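Here's the structure, in structure tokens; my notes come after.
Because the structure is a prediction, the values reported are computed rather than measured. Note: hydrogens, waters and symmetry copies are ignored here, and every other heavy atom, side chains too, is used.
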Amino acid sequence: MTAPVFVVERLDAGPGGQYVLDGPEGRHAVSVKRLRPGEDVVLTDGAGRWAECVVLAAEGKDQLVVRVDSVAEEPEPRPRITVVQALPKGDRGEVSVETMTEVGVDAIVPWSASRCITQWKGERGLKALGKWRATAREAGKQSRRVRFPEVADAATSKQVAALLAKADFGAVLHESGTERLAVAELPADGEIVLVVGPEGGVSPEELALFEEAGARPYVLGPTVLRTSTAGTAAAALLLGRTGRWG
């Protein structure tokens with residue numbers, strides 16, 4: 001099994017140096033994972049910089065002293081894959097963020113589509129966004145990523161259209177599509193933006209807006225997936241087709 005991953009604010013120790021992991025991450029390493037001297041761990045800033053380390057000692061209940069063996073920088077994967085995820089009901093949003101993080105999505109944009117039953121407003125919206133970001137962080141650690149996906153602020157349909165207009169490839173999962181995503185011509189570099197609609201579907205007005213921005217409707221397969229699983233399935237397909245899963 002690969003070494004557990006812990007997140008640090010800054011990773012400034014070089015090879016041969018020591019680092020003290022404390023706070024919530026240190027407490028998890030010492031009191032929950034119960035790591036002991038000689039065990040391997042990985043420290044990362046979640047933005048691509050990471051270090052392979054060996055545990056030297058556990059101090060108290062929340063401090064892990066490690067030796068840094070090597071430090072590396074993971075380049076940003078190309079092409080970059082962003083999923084625009086319409087807001088699902090209940091905790092399905094966190095499920096979608098968790099699984100998309102696990103498969104390797106680079107950015108997630110919450111979308112307040114017109115047919116979303118859930119709408120993020122005021123404090124409730126900020127709390128929900130915080131849960132999505134915390135979920136991405138924890139799923140990034142669990143899946144041993146060192147570059148976690150960015151979770152943007154909730155976007156309007158016009159903001160999604162602006163994002164699609166800048167993309168090298170834009171796709172909307174929609175039943176009106178006459179082409180399968182599995183055979184679409186994909187760029188080798190740049191930005192891929194994939195839009196996943198709500199349970200009620202993308203409205204005709206939104207679809208027209210996105211098509212005007214350069215995105216085309218595509219179908220994923222013969223079955224109908226829930227909004228909380230469609231993004232993960234489509235992202236996995238794109239990761240395989242672009243060679244990032246190769």
Side-chain angles (χ1 to χ4, degrees), residues 77-118 132 135-136 139 143 149-152 155 157 159-161 163-246:
R78 311 300 293 179
R80 177 179 166 88
I81 297 176
T82 295
V83 176
V84 176
Q85 173 66 59
L87 305 179
K89 297 181 292 184
D91 63 357
R92 288 187 176 276
E94 287 133 70
V95 172
S96 66
V97 170
E98 180 179 52
T99 54
M100 285 193 287
T101 298
E102 289 172 359
V103 299
V105 166
D106 302 300
I108 300 168
V109 180
W111 171 35
S112 298
S114 63
R115 292 179 177 175
C116 284
I117 295 175
T118 299
W132 280 35
T135 298
S143 56
E150 302 168 15
V151 179
S157 295
Q159 289 171 326
V160 172
L163 188 65
L164 288 166
K166 297 177 183 178
D168 297 278
F169 176 83
V172 182
L173 295 183
H174 196 267
E175 60 188 8
S176 68
T178 57
E179 187 176 351
R180 291 182 295 120
L181 190 62
V183 297
E185 186 175 347
L186 302 176
D189 201 352
E191 180 99 17
I192 293 174
V193 177
L194 175 72
V195 178
V196 179
E199 297 291 355
V202 181
S203 73
E205 295 78 16
E206 290 165 337
L207 190 61
L209 179 66
F210 298 159
E211 287 187 301
E212 186 178 350
R216 295 174 58 186
Y218 290 87
V219 291
L220 188 55
T223 60
V224 177
L225 301 180
R226 301 200 71 155
T227 184
S228 54
T229 55
T232 301
L237 173 65
L238 293 173
L239 286 161
R241 292 200 57 222
T242 56
R244 286 181 51 179
W245 274 14

I want to check something: taking the side chain as every heavy atom from C-beta on, are Val83 and Val196 in contact at a cut-off of under 4.5 Å? yes

Which residues pass the side-chain hydrogen bond (donor to acceptor under 3.5 Å, both in side chains) test with Thr99, sequence neighbours left out? Thr232

Kindly indicate, with the supporting measurements, whether the criterion salt bridge (charged side-chain N to carboxylate O under 4.0 Å, His left out) is fulfilled by Arg80 and Glu150. CA-CA 12 Å; Arg80 177 179 166 88; Glu150 302 168 15; 3.3 Å; yes

Heavy-atom pair of closest approach, residues Val105 and Ala235: CG2-CB, 3.5 Å

Less than 4.5 Å apart, any side-chain heavy atom of Leu186 and any of Leu238? yes

Kindly give the heavy-atom pair with the smallest separation between Pro217 and Leu207, and that separation in Å. CB-CD1, 4.3 Å

Looking just at side-chain N and O atoms, do Ser114 and Glu205 make a donor-acceptor pair shorter than 3.5 Å? no

Less than 4.5 Å apart, any side-chain heavy atom of Leu87 and any of Pro110? yes

What is the minimum heavy-atom distance between Pro88 and Thr118, and which atoms define it? O-OG1, 3.3 Å

Look up atom CG in Asp91 and atom CD in Glu98, then write down how far apart they are to the nearest 0.5 Å. 10.0 Å

Heavy-atom pair with the smallest gap, counting every atom of Leu220 and Ala230: CD2-O, 4.0 Å

Distance check, rounded to the nearest 0.5 Å: Ser228 atom OG versus Lys89 atom NZ? 10.0 Å

Counting only N and O atoms by type, is there a donor-acceptor contact under 3.5 Å from the side chain of Arg244 to the main-chain atoms of Gly104? yes

For the student: nearest non-hydrogen atoms of Thr227 and Gly197, plus distance: OG1-O, 2.7 Å

Which value, rounded to the nearest 0.5 Å, describes the distance between Leu237 atom CG and Thr242 atom OG1? 9.5 Å

My understanding is that only one of Glu179, Glu211, His174 makes a side chain to side chain donor-acceptor pair (under 3.5 Å) with Arg216; could you say which? Glu179

If you apply the rule side-chain contact (heavy atoms from CB on, under 4.5 Å), what do you find for Leu194 with Tyr218, and how did you get there? CA-CA 10 Å; Leu194 175 72; Tyr218 290 87; over 6 Å; no

Is there a side-chain contact (heavy atoms from CB on, under 4.5 Å) between Thr135 and Thr101 once you walk through the steps? CA-CA 9 Å; Thr135 298; Thr101 298; over 6 Å; no

Taking C-beta and beyond as the side chain, do Asp168 and Pro79 meet within less than 4.5 Å on heavy atoms? no

Are any of the side-chain heavy atoms of Gln159 and Val109 separated by less than 4.5 Å? no

Report the distance from atom CZ of Arg78 to atom CD of Glu191, rounding to the nearest 0.5 Å. 7.0 Å

Heavy-atom distance under 4.5 Å between the side chains of Glu206 and Arg115, does that happen here? no

Under 3.5 Å donor-acceptor, Asp106 side chain and Thr82 backbone: no

Might you work through the side-chain contact (heavy atoms from CB on, under 4.5 Å) test for Trp132 and Glu94, ending with a clear yes or no? CA-CA 6 Å; Trp132 280 35; Glu94 287 133 70; 4.2 Å; yes

Are Pro187 and Ile192 side-chain neighbours, meaning at least one heavy-atom pair lies under 4.5 Å? yes

Can you name the nearest heavy-atom pair linking Val195 to Phe210, along with the distance? CG1-CE1, 4.1 Å

